[in-house]
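Taking it in order: structure first as structure tokens, then the write-up.
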Amino acid sequence: MRIPVRVAITNDGTRLLVDLTECAPQSHAPVNTTRAVSISAVLYVLRLLLPTGTPTNDGVLRRVEVRTRAGTVADASYPAPVAAGNVETSQRLVDVLLGALAEALPGRIPAASAGTMSNLTLGASDGSFAYYETNAGGAGAGPHRAGAHAVQTHMTNTRTTPVEALETELPLRVLAWTVRRGSGGDGARAGGDGVLRRLRLLHDTRLGWIADRSGHGPYGLGGGQPGAPGRALLRLPGEAHERVLGPRAALDVPAGGELTLETPGGGGHGAPPSTSDRAR
């Protein structure tokens with residue numbers, strides 16, 4: 001089910017109005033976010049456009065009005081679930097804000113990055129272990145550079161747990177952990193690639209997965225192509241084929257199950273070279 005996130009940005013020369021009142025009504029899924037997170041997304045995007053070294057303080061928003069409407073995904077009211085609002089909807093707010101600003105500032109705005117934190121949780125019912133981590137993706141390409149591969153982008157700040165630490169502390173094996181080659185969008189400047197992770201679970205495990213960008217990849221700009229969408233695949237012991245998990249999944253996996261995560265690539269920027277240009 002799609003949950004629209006809409007913004008209108010206007011500038012009268014003295015004040016910037018960021019209007020999020022037309023966002024979708026709050027959802028029963030845990031993707032709602034609070035007004036504070038919406039304001040943080042606006043502040044973050046404005047900081048991207050300010051000169052290097054500009055202090056981050058109340059002055060950044062002094063001439064900015066952020067309008068939200070209570071009871072929407074951008075300004076949730078109790079008892080709407082908000083567990084993924086700060087890790088998923090915050091990312092999509094940034095995508096939407098940058099996409100809107102690209103119409104006014106086409107030479108400064110990058111294509112969309114992964115747009116999801118690809119949240120994975122693993123745990124045992126007996127309480128013997130618990131694990132939560134976000135997974136990197138591809139950065140969107142910009143007007144002057146290609147996108148970076150396998151990085152955390154925008155409204156996130158986490159690092160990846162080393163393989164040695166994972167296998168020492170948790171009952172799992174890392175079968176693959178690499179750049180997801182070719183997942184970035186094509187363009188004059190290609191989008192960055194996401195990551196591919198494959199894990200084998202060695203203990204009966206409760207698995208949780210929340211990730212956006214599974215239906216449509218991050219958008220490109222200036223004629224660039226979108227990045228590849230992400231997905232999660234699960235193969236249970238004794239099964240020959242993998243099953244595709246939805247963007248929000250919670251299930252019990254017996255020991256021996258294998259989970260594959262493919263995170264989105266970033267969008268490309270600028271029209272891709274033609275076949276004849278590549279031949280030359």
(request) Take L259 and W209 through the test side-chain contact (heavy atoms from CB on, under 4.5 Å) and record every step on the way to the result. (result) CA-CA 11 Å; L259 175 69; W209 172 248; 5.9 Å; no
Output yes when [X] and [Y] qualify as a salt bridge under the 4.0 Å nitrogen-oxygen rule, no when they do not.
| X | Y | answer |
| --- | --- | --- |
| R213 | D95 | yes |
| E242 | R235 | no |
| R180 | D193 | no |

[atom1]-[atom2] distance between [X] and [Y], expressed to the nearest 0.5 angstrom:
| X | Y | atom1 | atom2 | answer |
| --- | --- | --- | --- | --- |
| L207 | L245 | CG | CG | 6.5 Å |
| L46 | R63 | CG | CZ | 14.0 Å |
| E103 | I109 | CD | CD1 | 11.0 Å |
| E22 | R6 | CD | CZ | 7.0 Å |
| D252 | L236 | CG | CG | 11.0 Å |
| T121 | Y132 | OG1 | OH | 8.5 Å |

Which heavy-atom pair separates [X] from [Y] by the least distance, and what is that distance?
| X | Y | value |
| --- | --- | --- |
| Y219 | A111 | O-CB, 3.5 Å |
| V45 | V94 | CG2-CG1, 4.1 Å |
| N135 | Q152 | C-NE2, 3.9 Å |
| W177 | T161 | CH2-O, 3.2 Å |
| V60 | P55 | CG2-O, 3.7 Å |
| S128 | H203 | OG-NE2, 4.0 Å |

Linking I/L/V/M/F/W/Y whenever any side-chain heavy atoms sit under 4.5 Å apart, do [X] and [Y] land together?
| X | Y | result |
| --- | --- | --- |
| L199 | L251 | yes |
| L43 | L105 | yes |
| V163 | L196 | no |
| L98 | V66 | yes |
| V73 | I39 | yes |

Test item: side-chain donor near acceptor, [X] and [Y], under 3.5 Å:
| X | Y | value |
| --- | --- | --- |
| T134 | T158 | yes |
| T68 | R35 | yes |
| H154 | R92 | no |
| N119 | E88 | yes |
| E262 | S183 | no |
| D212 | T116 | no |

Mind checking whether [X] and [Y] have side chains closer than 4.5 Å, heavy atoms only?
| X | Y | value |
| --- | --- | --- |
| P171 | L201 | no |
| L49 | L101 | yes |
| S38 | L20 | yes |
| N11 | I9 | no |
| L221 | P110 | no |
| V18 | L97 | yes |
| R206 | S125 | no |
| P81 | Q26 | no |

For the backbone of [Y] and the side chain of [X], can you confirm whether one donor and one acceptor N or O come within less than 3.5 Å of each other?
| X | Y | result |
| --- | --- | --- |
| S27 | A29 | yes |
| R67 | D19 | no |
| T89 | V31 | yes |
| R189 | P143 | yes |
| T54 | L50 | no |
| D204 | A255 | yes |
| Q91 | T153 | yes |
| T263 | A136 | yes |
| Q225 | G267 | no |

(request) Before giving the answer on side-chain contact (heavy atoms from CB on, under 4.5 Å), spell out for R15 and R62 the whole-Å C-alpha distance, their side-chain angles and the decisive distance to 0.1 Å. (result) CA-CA 9 Å; R15 192 167 187 79; R62 187 163 297 167; over 6 Å; no
(message) Go through it in stages, so that I can follow the logic: the residues are R159 and E133, the test is salt bridge (charged side-chain N to carboxylate O under 4.0 Å, His left out), and I'd like the CA-CA distance, side-chain angles, deciding distance and then a yes or no.
(response) CA-CA 9 Å; R159 290 185 175 183; E133 189 160 30; over 6 Å; no
(request) Count the heavy atoms belonging to other residues, nucleotides or ligands that lie under 6.0 Å from CD of E239, then report whether that count exceeds 12. (result)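 Counting other residues, nucleotides and ligands, CD of E239 exceeds 12 neighbours.
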(request) Tell me, yes or no, whether the heavy-atom count around R47 atom CZ, taken from other residues, nucleotides or ligands under 6.0 Å, exceeds 12. (result)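 12 or below, so no.
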(request) Decide yes or no on side-chain contact (heavy atoms from CB on, under 4.5 Å) for D75 and T33, but give the supporting numbers first. (result) CA-CA 6 Å; D75 186 355; T33 196; over 6 Å; no
(request) Determine, step by step, whether L93 and V42 satisfy the side-chain contact (heavy atoms from CB on, under 4.5 Å) criterion, reporting the C-alpha distance in whole Å, the side-chain angles of both residues, the deciding distance to 0.1 Å, and the verdict. (result) CA-CA 8 Å; L93 285 166; V42 173; over 6 Å; no
(request) Step by step, work out the side chain to side chain donor-acceptor pair (under 3.5 Å) result for S214 and R231. (result) CA-CA 6 Å; S214 62; R231 63 177 183 169; over 6 Å; no
